[in-house]
Amino acid sequence: MIDINLIRNNPEMVKEKLARKEFEVDFTTFLIQDKRRRELIFTTEQLKAEKNKVSAQIPQMKKEGNDCTLLFAKMKQDSELINDNDDKISLLDKEIDDFLESLPNLPADDVVAGGKENNAVIRTFGSKPQFAFEPKHHVDIVESLGIIDYTRGVKLGGNGFWIYKNLGARLEWAILNYFIEEHLKDGYEMLMVPHILNYQCGYTAGQFPKFKDDVFQLKNDENVEFTHFILPTAETALVNLHRDEIIEENRLPFKYFAYTPCYRKEAGSYRAEERGMIRGHQFNKVEMVQYTTPETSEAALEELVNKAERLVQGLGLHHRVSKLAAGDCSASMIKTYDIEVWIPSMNDYKEVSSASNAGDYQSRRGNMKLRRKDSYKLELMHTLNASGLATSRIMPAIMEQHQQEDGSVIIPEVLRKWLGGLERLIPQK
RNA sequence: GGAGAGUUGGCCGAGUGGUCGAAGGCGCAUGACUGGAAAUCAUGUGAGCGAGCAAUCGCUCCGAGGGUUCGAAUCCCUCAUUCUCCGCCA
């Protein structure tokens, strides 16, 4: 949610910034409704003040034995008028809220306008591996190594699921261990969170109501709207930890991370080129989240993207970092960096981490505040998140970038301690 | 799944229809006292919304939502949640 006062005071500026996110708005109706709402509140509150005043006199009058019948009749009328007005106000509230929550966050000033085509690569690590042989697709590699079972995954869960088996499961776990260990070194607090979340979590994160059909919804009664869903990313949980809380300024920043599987419907997004584990209904991810003061969130974003990048570097994978154009940032975010790893078979870079600053957008939706040390004033916190990392793109990248002519795959050094020192995966007969 | 008891301000806790945004205590802040601290004393100490340049004023909020009433923290209904006991279970 963006600040309603920004729109009241400077609708043109907000309109211009949203346009950079390729979002067209017209504030005419909103501004009229907002004005009407405030007028209604003003007159209704005057009525209430009068009512309260009279109410306070009633015990005294009764004590003195006065007849209150006429007074009660008038009070009843006033109460009905107040109720009518309150109904009108809540209707306006709802319309205004619906409108406000449909607006994406404003992009940062240093984020360029436009869509995906305006994303800018800001740095690159390593270079595209050159193969003296015909490199294989990761699906063929993992099958020949016997570390992923697609067929049986589909048998159990349907299209979009797979099974890590044997050294595949251990490699996946090693990757996650590696991420966890690095985050602990950096002083991030590890959390294990519920995988089933209530609706409000999706709302605070900025994913609902717009993207509520992208998650697996849970409900026991066909006739009611769902109240819970399976988390699509740990961000949805982590960003709700401090919902409806006030945090003393000097306790910030909070730095958390959590490993969870991520469950997504990914309806209709399948393409042949994304075969394998590039896009599944369930994938593993370690997610980082920070809660900061407004003035430190910029620096926190750089810290997060650097952390994520170091993880990819540690695995020796060629990748690049892009700063997204406004229109390619997700709705809640003011600025986003993507880390994309090179997938030879796709001849393309695929996202392994997205590091974003949500500013106060999520905090406003979730009512998350900080109290200033000196002034005791309340302010909205800033929230940031970054994957660190998703394995579903990392595993293919390792398979393809580290593949050898004999069909084996070199295991990155940093992972070996969790695999009993194993240096390479060998094809099964 | 069944039965019972709770949910009040940063925390503890009183309050069962009327002047209660809410006693009392703790904590915290400021001041006095002190060489300094402790103790003590005094004063202050929630959030949201609306009006106002501001000082300030008004409205709303006692788990959430609805209802009864002139009037609800207090009565009724629904839901959430915590605790205790019983049952079932990985």
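Below, read A as the first sequence line, B as the second, and so on, with proteins coming before strands; counting in each chain starts at 1.
- The gap from the P atom of B/U69 to that of B/U74 amounts to 16 Å, rounded to the nearest Å.
- Salt bridge A/Asp86/A/Lys48: present, at least one basic N to carboxylate O contact under 4.0 Å.
- Atoms OH and CG, on A/Tyr291 and A/Leu252 in that order, are 10.5 Å from each other to the nearest 0.5 Å.
- A salt bridge is defined here as a Lys NZ or Arg NE, NH1 or NH2 lying under 4.0 Å from an Asp or Glu carboxylate O, and A/Lys255 with A/Asp186 fails to meet this definition.
- Between B/G21 and B/G35, the two C1' atoms lie 44 Å apart (nearest whole Å).
- A search for side-chain contact (heavy atoms from CB on, under 4.5 Å) contacts involving A/Ala331 returns A/Pro104, not counting sequence neighbours.
- The nearest whole Å value for the distance from the CG atom in A/Asp97 to the C1' atom in B/G48 is 13 Å.
- Looking at A/Asn118, its side chain does come within 3.5 Å of a backbone N or O of A/Ala113 through a donor-acceptor pair.
- Using a 4.0 Å heavy-atom criterion, one finds that A/Leu378 contacts the sugar-phosphate atoms exclusively.
- Salt bridge present: A/Asp34 and A/Arg38 bring a charged side-chain N and a carboxylate O closer than 4.0 Å.
- The nearest whole Å value for the distance from the CG atom in A/Leu81 to the P atom in B/C70 is 16 Å.
- A perpendicular orientation is assigned to the rings of A/Phe27 and A/Phe99, their planes being inclined by more than 60° (bins at 30° and 60°).
- Separating the CD1 atom of A/Ile82 from the C1' atom of B/G71 is a distance of 12 Å, rounded to the nearest angstrom.
- Between the side chain of A/Tyr188 and the backbone N or O of A/Gln290 there is no donor-acceptor pair closer than 3.5 Å.
- One C1' atom belongs to B/A72, the other to B/U16, and the distance between them is 11 Å to the nearest Å.
- If you take CG of A/Asn85 and C1' of B/C59, they are 13 Å apart, rounded to a whole angstrom.
- If you take CG of A/Asn83 and C1' of B/G67, they are 11 Å apart, rounded to a whole angstrom.
- A distance of 6.0 Å or more separates the ring centres of A/Tyr263 and A/Phe216.
- Here A/Arg371 reaches the OP1 or OP2 of B/A47: one of its side-chain N or O atoms lies under 4.0 Å away.
- Counting non-hydrogen atoms under 4.0 angstrom, A/Asn52 reaches the backbone sugars and phosphates but no base.
- Rounding to whole angstrom units, CD of residue A/Glu248 and C1' of B/U45 are separated by 13 Å.
- Both key distances under 3.5 Å define a Watson-Crick or G-U pair, and stretches of 3 or more such consecutive pairs in RNA chain B run B:1-7 with B:80-86, B:10-12 with B:24-26, B:27-32 with B:40-45, B:46-51 with B:56-61, B:63-67 with B:75-79.
- In this structure, NZ on A/Lys185 lies 10.0 Å from NZ on A/Lys307, to the nearest 0.5 angstrom.
- Taking a cutoff of 4.0 Å between a charged side-chain nitrogen and a carboxylate oxygen, A/Glu379 and A/Arg372 qualify as a salt bridge.
- For A/Leu378, the side-chain contact (heavy atoms from CB on, under 4.5 Å) partners are A/Ile246, A/Lys369, A/Arg371, not counting sequence neighbours.
- Rounded to whole Å, the distance from CZ on A/Arg251 to C1' on B/G10 is 12 Å.
- A gap of 36 Å separates the P atoms of B/A51 and B/U43, to the nearest Å.
- Shown here are the side-chain contact (heavy atoms from CB on, under 4.5 Å) partners of A/Glu45, two or more places apart in sequence or in another chain: A/Ile41.
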Using a 4.0 Å heavy-atom cut-off, write out nucleotides 49-57 of chain B from 5' to 3' as B (base contacted by protein), S (sugar-phosphate only) or - (no contact). SSS------
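- For the C1' atom pair drawn from B/U45 and B/U68, the interatomic distance equals 37 Å after rounding to whole Å.
- Here the separation of B/C53 from B/G15, taken at their P atoms, is 46 Å to the nearest Å.
- For the P atom pair drawn from B/A39 and B/G27, the interatomic distance equals 8 Å after rounding to whole Å.
- When the C1' atom is compared between B/A73 and B/U19, the two are found 16 Å apart, to the nearest whole Å.
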At under 4.0 Å between heavy atoms, which parts of nucleotides 17-23 of chain B does protein reach? Answer with one letter per nucleotide, 5' to 3': B base, S sugar-phosphate only, - none. -BB----
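- An OP1 or OP2 oxygen of B/G71 is reached within less than 4.0 angstrom by a side-chain nitrogen or oxygen of A/Ser79.
- Regarding A/Asp244, its CG atom lies at a distance of 12 Å from the P atom of B/G48, rounded to whole Å.
- Heavy atoms of A/Lys369 sit under 4.0 angstrom from primed sugar atoms or phosphate atoms, though from no base atom.
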